[in-house]
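Start at 1 with the first residue, then count along the sequence. In each ligand, atom 1 is the first atom listed, and ligand 1 is the first ligand listed.
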Amino acid sequence: MNRLLTLFILVLINFTSCKNETKTTISETKNRGLIARKVMVVSAREEASKIGVDILKQGGNAFDAMMATEMALAVAYPYAGNLGGGGFLVYRMADGKKGTLDYREKAPLASTKDMYLDENGAVIKNLSTVGGMAVGIPGTIAGIFKAQERFGKLDVATILKPVIELAKNGYIITRKQETRIAHYDSMIRAVNEKEILYNNNLKADDKIMNLALAETLQRISDNGRDEFYKGETAKKLVAFLKTKGSIITLEDLAKYEAKWRDPITFQYNDLTITSIAPPSSGGVCLTQIMKMIEPFDLKDFGHNSLKTIQVVVEAEKRAYADRSFYLGDPDFVDISLKTLTSDVYLQNRMKNFSFENPTPVDSISHGNVAGYESDETTHYSIVDQFGNAIAVTTTLNGGYGSKLFVDELGFFLNNEMDDFSSKPGEPNYYGLIGADANSIAPEKRMLSSMTPTIIEKDGEFYMSVGTPGGSTIITSVLQTILNVHEFELTMQEAINAPRFHNQWLPDEILMEPNAFDINIIKQLEALGYTINESRSPIIGIVDGILMLENGTLEGGADKRGDDTAVGF
Ligand code: GLY
């Protein structure tokens, strides 16, 4: 077959049946992601995106698809998808109403400020990161039910049916999954004191079934939300946790509630950006950084140019310095959100910025220091056929959370307690140091960096975006928005583009390795910046949906992971 004919057929296939779901007629020269006319789901696994789309096809909306996608991720992406973790939802209804749901984990009733310290006041290694004491009260089931009950259209049994089938019939292990499972295998075996379902015998292309999870989901489907918090599942979970030294009780589970919270909304040029408020730091930091960089002409400086990197890095430094000192659970600490996000305050913060040299970190704030957080979270974005859009980020915290796998129930438990500051001023396992605002207290939510974000332009939905990546979440979301808005990249190009990150301390710029112009790196170093290309082979795994001018949707799925966009 001659090459021209092959090319023609490939283009035809792409334009008529992307993932066998999508048809489009727009002609594009740019590198676009999947184009769909009506609906789009982008998540960390093709199976989860497909199940989300199936639910939409059955007449469900974004909130029904949320429940299905989130649970399908728990089946097919146990690294971060979960029943044993928590997350945040940002939504924009078709009529423009916006809101957020916080289903972040909470500290158990029996927790104390010093629970991870020994008798000398030193942090006990690993106690907040692996095993029973690391587990916070899971919020995911409460979250997906709260959102679906309020806004969904289908019944729960219909939504969970394909997920239960996926758990029963199995899914295929990818190469990336094989590598991840092998990487964590010895730790998972040690914590569970045995081999579990996920072990290093699993190879790419193997099929894996999780019958215990299928049964758990069936009970939740039959009995509703309370099955997880008060029913047989709750009892089994607490009995299991007790054998692992956890202090979580049935009372803790019974008292858990997901919470509707006011979003953080701000303007950046002609964009209206809506993100999550504390207990995630995402929305506050994103607001601060974007308002600090807004006066600069990034478009003129150029994408990933010296000047752009300098401005963004210096704004990030200042925002992260504030994050570690001021932010925590708003139900427990007073946060001056108005001041922290005000133009006057932020203009003042950038007053000592100079292109001549880096602002010394110790001149920026008297606050405490944040190190790198774990980066094993996951994000999905959905736009439905009714015009509703959601952005959801969910996590177990570390990869496979606390590594504790509840055999009988078929899921991993989080180690979210490590997102608290165990001891103000001292780094935890991931290098995290915080202030009193994020100290441990019974029923308090630990500070997060998750940044599910929805962007509007001219009053209409424009973009839904988010990512895993611990403290790099905020800066990855930021760069994706800037890549589309300032540098006119497509959704897919914006996601593909190399990313950098600064979080005040450590005093360095993380860069994805071998991805940036070496001359720019040299110039940054000559100015006095420390560049670290070895810390992180990838920064973030961004998934997003962009509304194009002709009204179609572009799904951007990050190939740094197995992420996939499905739509029609
Ligand atoms: N566990 C990561 C975060 O919440 O930011």
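- In the vicinity of M450, heavy-atom distances shorter than 4.0 Å reach the ligand 1 atoms 4 (O), 5 (O).
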| request: Would you please test F405 and F411 for ring-ring contact (aromatic ring centres under 6.0 Å, His included) and show each step? | output: CA-CA 6 Å; F405 182 73; F411 59 83; 8.0 Å; no
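- Taking the salt bridge (charged side-chain N to carboxylate O under 4.0 Å, His left out) definition, one finds that D252 meets it with nothing, sequence neighbours left out.
- A salt bridge does not link K291 with E294: every distance from a Lys NZ or Arg NE/NH1/NH2 to an Asp or Glu carboxylate oxygen is 4.0 Å or more.
- At least one N or O atom of D419, backbone or side chain, sits closer than 3.5 Å to an N or O atom of ligand 1.
- Annotation for ligand 1: atoms under 4.0 Å from non-hydrogen atoms of R104 are 4 (O).
- A salt bridge is defined here as a Lys NZ or Arg NE, NH1 or NH2 lying under 4.0 Å from an Asp or Glu carboxylate O, and R349 with D322 meets this definition.
- Residue pairs meeting the salt bridge (Lys or Arg N to Asp or Glu O under 4.0 Å) criterion with at least one partner in residues 129-148, sequence neighbours excluded, are K146-E257.
- Contacts of E416 with ligand 1, taken as heavy-atom pairs under 4.0 Å, involve the side chain alone.
- Interface atoms of ligand 1 facing N397, defined by a heavy-atom separation under 4.0 Å, are 1 (N), 2 (C).
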